[in-house]
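Scope of the values below: all heavy atoms of this structure, side chains included, with no hydrogens, waters or symmetry mates. Below, read A as the first sequence line, B as the second, and so on, with proteins coming before strands; counting in each chain starts at 1.
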Amino acid sequence: MSGLAIAMTSFNRSRAYLLNHLVNNLGSFIFGYIYVSIWKAALGDSPETPSMVTYIMVNQSILWVTMFLSRGAYLPQKIREGTIVFDLLRPYGLLFCSFFEVAGHGLYSLIFRATPIFLLGYLLLGVSPPEIGSLLPFMLTLFNGFLISFLFNYFVGLWSIKFLSPTAAQGLLYMTMNLLGGAFLPAEYYPGFLRFLMPLLPFACANYYPSSVYLGTVSLVRALVLQCFWIVVLFLLALYMTEKLTRSIQVQGG
Amino acid sequence: MRSVIALFMASLKAQYEYRLNFWLDTLINGVNLFSDFLLMAFLMLSFKEIGGWSLGEIAVIYSIVEMGWGIFRLFGEGLHRFEELMVTGRFDLLLIRPMNTVKQLLLERIDFRRLGVVIEALAVAVFGFTASRIDFGDMWLAYIVLVFFSTVMTFEINIILAAIAFWTVRNSDIIVLAFYSTRTAAMYPAHIYGPVLKNVLTFIVPLATVAYFPVGYLTGRITSIIALISPVLGVTALLPVTVLIWKLGLKHYASTGT
Amino acid sequence: MKIVDVENLQKNYTVYQRKGLLREKRIIRALQNISFTVNRGEFLGYIGPNGAGKSTTIKILTGIMTPDGGSAIVDGMVPYRERKRYVRKIGVVFGQKTQLWWDLPVRDTYTLLKAIYGVPESRFKEQINYLSDHLELEEIMDRPVRQLSLGQRMRAELAAALVHDPELLFLDEPTIGLDIVSKHRVLQFLRELHSRGKTIFLTTHDLKDIEALCQEILIINHGSLVYKGTLEGLKVMVKLPRVLRIQLREGAFSLDGRGAEFIERYAARYDPKIGIIDVELSGAFRPANVAREFMQVMEIEDFRITDPSIEDVVRIIYRK
């Protein structure tokens, strides 16, 4: 199965839950509303308020593409069900297959999760629409954010191949993404040393950079440099670990 | 009751067997929610107050709501996973036993890993009290009482949400929509929200009555005496609703099966 | 002495089906005026095709479901009206759902049930020993339920239904999916329970089990009671003939004129490829005469006479 076919299958599979997801979108919106309220209460009548509202809601929308992407790139589930063997035996390898599978779901989330939530934010909370010049840069950084999130999810998946239970790694990932991803707090508000460290870490590439590029508070060049750097690093790491793991499984016999 | 002790010992033994996984999961449970609070703390380094409330005060209501949630997940896993019993039809087996079905749901499992949430909530409370320099003695008593009400209310709300499955079989989406979001909202001072959410938190999913209002009164921010007794009002008002909906649900189930 | 008294039981289900854009409401009459009684100490087999109304009957008799009409009285009580008091008297096993606590050792389920039913310590110990002996539970007592094989789980399940030593048992497909050895153990135990005076209501698709264990059988189809009585009575009622099967000797599969005439006269089924002839021995054809004849006109390897199987009999009933 070529990569595109895998992605389409994944896309359609997600579509079966459309109704549930639309209900869920309301929940996501409410969460966004809570965070927006907190910021409004903090900032008061400051000129910064509208852009913070936009920042929060853009992040809430893209969370489904950059954070709640999949549990361990679907690997823990496959291990439980035993279907992991098929992926390991395929000629293109685990990383390739997993990527397209997650990408299909990511596309689905972009269309049926991110966009509706964003629209709700636009209609009900006064989120500023993107400036024409920022739209393409934003989509680019969003795609990069997706890539990084996929790679992290993939690492969790690999962990579960080795250690069977993904809960610990999954929890750790969520916590780190939550704390350092910038969905609620942009880098400027982190205290002391973290203010400089946070934007350099890969986690910030998922939420902080895309939203900041959308708003225009961070230059596209800076965002791309950081994102691409981490994508390359994480990708090479993923390749290496996949190779090692696949080999060890072949030796053990699964 | 003997059955509770029997379950307690059995669950403890069973879960403790997987020691490493157990401690790891417990830790993860707690640490996850802590990251939310940490972000809040960072924010408040820049802004001393949110809607007039200090970080310490927010920490207290945050902790009260979270404690209710943690204790609920500790004992209420059966209720939390009620949908599963409906889908598989296993609920019938609870009806076969001479015991109230809700009681039996509480006996399904004790999930000790949720202690992580409880410990984390406690840590946030300790922080809150020290940071806001509230008089320790009295406040701790009030805190324990409010945690009690928060727990009871969390149970009540989740019994109602579980009962929805009697009609719809699957209820997880409603739970996420109706409860997860309101629970999070209740962890912050309610007056920062618009009238819709504020009213929902006061009258429909009345979590504001067990944290925001009473704590607001005790710190002097809310002057109406009703705020102080609102937890009692909230919990007692919700009780007949809970009993009614559960009973109606059972009746519907007895008449239509799955 | 009656322990179950069912009169004119009715139950309807409302089903909504999607027809194009609209939802169509359909009423399924699951039980249409079912009446029967069961005596104390009886071993009753309850059979019927899927969707016939078996589960519905069981659910009403165990108090889980309320009927739309008619009445059911079990051991002096109306099951669905006094559920909590009533269920103390019964033990239930659902073949496809388990009441055992999944993560805990088997032993702990029994301890929990002891607390729920309020079984006194001494009786509990006695009962567990009894159950453990007869169902060979020793080996699995301390294993978590999720590690058990299906056969082991079913034995544990049966024991769980008996912790409080009820007089009346409802077993819904207890042997489904079991291997031969486990099934044998379970059936043996059911026989033992029956000999101790328990009343057992067994629902199953395995008709051999029914044949082996049940005195009375109840057949339900399309929501109505089709038959209640003994197995023998059923065979008489359906009047399926015994079948004489002749195996022709290798090399002598083709028949001459006399052989062909035999086939025609007895309206026998003849397969020349494998050399088998089946003759239905209805009243008119006496076995002795038929035997004398075929031995003269053909070269036979073997022959035998079979009684109609319960499956054949029941299949006829289901078709009505």
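Of the two parts of B:Leu45, only the side chain, counted from C-beta on, holds a non-hydrogen atom closer than 4.5 Å to a non-hydrogen atom of chain A. For chain B, the nearby parts of A:Leu26 are the backbone and the side chain; heavy atoms of each come within less than 4.5 Å. Proximity to chain A involves both the backbone and the side chain of B:Ser181, based on heavy atoms less than 4.5 angstrom apart. Only the side chain of B:Leu197 comes within contact range of chain A, judged by heavy atoms closer than 4.5 Å. The parts of A:Tyr189 that come within reach of chain B are both its backbone and its side chain, each placing non-hydrogen atoms under 4.5 angstrom from that chain. Contacts of A:Asn24 with chain B are made by side-chain atoms alone, with heavy-atom separations under 4.5 Å and no backbone atom involved. Of the atoms belonging to B:Phe42, heavy atoms from both backbone and side chain fall under 4.5 Å from chain A. Contacts of A:Leu194 with chain B are made by side-chain atoms alone, with heavy-atom separations under 4.5 Å and no backbone atom involved.
Chain A forms more heavy-atom pairs under 4.5 Å with one residue of B:Thr182, B:Asp36, B:Ile174, B:Val176 than with any other, namely B:Asp36.
One finds a salt bridge joining A:Arg13 and A:Glu101 here, because a Lys/Arg side-chain nitrogen approaches an Asp/Glu carboxylate oxygen to under 4.0 Å. Between B:Arg113 and B:Asp111, at least one side-chain N (NZ, or NE/NH1/NH2) sits under 4.0 Å from a carboxylate O, which counts as a salt bridge.
Counting heavy-atom neighbours within 6.0 Å of B:Arg183 CZ, excluding the residue itself, gives a total above 12.
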